[in-house]
Amino acid sequence: MLKEAVAYYKSPIGFAKITGSTQGIESVSILDEAASTSIENNTEIAPYLKPCITQLNEYFEGTRKTFDLQFNLKGTDFQKKVWKSLLEIPFGKTRSYLEQAKVLGDVKAIRAVASANGKNPLWILIPCHRVIGTDGSLTGYAGGLWRKKWLLAHENPVKQGSLF
């Protein structure tokens with residue numbers, strides 16, 4: 001049995017818990033309660049989790065738009081198919097739940113698609129925050145709608161035009 005390692009990461013919008021093994025990153029979840037980062041705890045971070053922390057830092061600094069990490073996803077075949085489709089949504093763009101269901105080939109599967117999005121184990125790495133309501137509303141985000149709004153603004157900041 002593979003030993004799973006855990007690290008904590010302090011992001012601008014909360015603490016994240018990262019788990020994984022030599023097989024890949026298994027989960028990145030946002031924590032509502034305060035936690036100390038592994039670095040602050042002087043905890044040794046497993047070498048296979050370090051690239052995730054580095055890439056999350058780059059994402060939040062605005063220098064990374066895609067992640068290049070090995071994932072070890074645990075879920076049903078349908079969930080994995082939905083999560084894979086999320087990776088196709090470009091940085092700074094959004095897709096509605098209906099559009100995502102269409103991409104997956106079954107417009108009637110919209111509720112199942114939304115449910116699978118909600119079970120996404122890899123916060124930010126698999127960008128479920130880029131999925132919005134058909135009317136453009138911010139709906140359904142396990143990390144809280146304020147975080148979804150923050151992430152979308154981070155990826156697509158409003159640029160102030162010249163007044164003159």
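Keep in mind the model is a prediction, meaning the values are calculated, not measured. Residue numbers run from 1 in the order of the sequence given.
A donor-acceptor pair is defined here as one N or O able to donate and one able to accept, closer than 3.5 Å; such a pair exists between the side chain of Tyr97 and the backbone of Thr139. Thr63 places a side-chain N or O within donor-acceptor distance of the main-chain N or O of Glu58, the cut-off being under 3.5 Å. At distances below 3.5 Å, at least one donor-acceptor pair connects side-chain atoms of Asn120 with backbone N or O atoms of Ile126. Ser27 contributes no side-chain N or O that, together with a main-chain N or O of Ser29, makes up a donor-acceptor pair within less than 3.5 Å. Of the possible polar contacts, one joining the Glu155 side chain to the Gly92 backbone as a donor-acceptor pair under 3.5 Å is found. Without hydrogens or angle criteria, Arg130 side chain to Ile89 main chain gives a donor-acceptor distance under 3.5 Å. With hydrogens and angles disregarded, a donor-acceptor distance shorter than 3.5 Å links the side chain of Gln79 to the backbone of Thr76. Between the side chain of Arg147 and the main chain of Ile13, a donor-acceptor pair closer than 3.5 Å is present.
In this structure, Phe71 CZ and Leu87 CG are separated by 6.0 Å, a value rounded to the nearest 0.5 Å. How far CD of Gln23 is from CD of Glu26: 8.5 Å, rounded to the nearest 0.5 Å. For the atom pair CG of Asn72 and OG1 of Thr19, the computed distance is 9.0 Å after rounding to the nearest 0.5 Å. Remark: Lys102 NZ to Lys108 NZ distance equals 13.5 Å, nearest 0.5 Å. For the atom pair CD (Glu44) and CG (Leu49), the distance works out to 11.0 Å, reported to the nearest 0.5 Å. Remark: Ile132 CD1 to Leu98 CG distance equals 11.5 Å, nearest 0.5 Å.
Annotation: side chain of Cys52 is in contact with side chain of Val28 (closest heavy-atom distance under 4.5 Å). The side-chain heavy atoms of Leu31 and Tyr8, taken from C-beta on, include a pair separated by under 4.5 Å. At least one side-chain heavy atom of Phe60 sits less than 4.5 Å from a side-chain heavy atom of Leu151.
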Where do Lys119 and Ser115 land on the side-chain hydrogen bond (donor to acceptor under 3.5 Å, both in side chains) test, with the steps shown first? CA-CA 7 Å; Lys119 292 181 173 79; Ser115 176; 3.1 Å; yes

Ile18/Val6 under side chain to side chain contact (heavy atoms under 4.5 Å, CB included): CA gap, chis, key distance, verdict: CA-CA 6 Å; Ile18 303 165; Val6 176; over 6 Å; no

Set out, in order, the CA-CA distance, both residues' side-chain angles and the distance that settles side chain to side chain contact (heavy atoms under 4.5 Å, CB included) for Ile25 and Tyr48, then state yes or no. CA-CA 8 Å; Ile25 304 299; Tyr48 43 86; over 6 Å; no

Can you check side chain to side chain contact (heavy atoms under 4.5 Å, CB included) on Leu73 and Leu122, steps first, answer last? CA-CA 9 Å; Leu73 294 172; Leu122 294 171; 3.5 Å; yes

Given Trp123 and Ser11, is the side chain to side chain contact (heavy atoms under 4.5 Å, CB included) satisfied, shown in steps? CA-CA 12 Å; Trp123 179 65; Ser11 83; 3.8 Å; yes

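Residue pairs that meet the side chain to side chain donor-acceptor pair (under 3.5 Å) test with at least one member in residues 82-93, sequence neighbours left out, are Ser85-Gln100.
Inspection of the Lys50 and Thr54 side chains reveals no N or O donor paired with an N or O acceptor under 3.5 Å. Residues Tyr9 and Asn57 bring a donor and an acceptor atom of their side chains to less than 3.5 Å of each other.
Asp135 CG: more than 12 foreign heavy atoms inside a 6.0 Å radius.
Side-chain heavy atoms closer than 4.5 Å link hydrophobic residues (I, L, V, M, F, W, Y) into clusters, and following such links, even through other members, never connects Phe91 to Val103.
Closest heavy-atom contact between Ala101 and Ala109: CB-C, 4.4 Å. Counting all heavy atoms, side chain and backbone alike, Ala142 lies closest to Gly118 at CB-O, 4.4 Å. For Cys128 against Leu86, the heavy-atom pair with the smallest separation is CB-CD1, 3.8 Å.
By the ring-ring contact (aromatic ring centres under 6.0 Å, His included) test, Tyr59 is found to be paired with Phe67, His154, residues two or more places apart in sequence or in another chain being considered.
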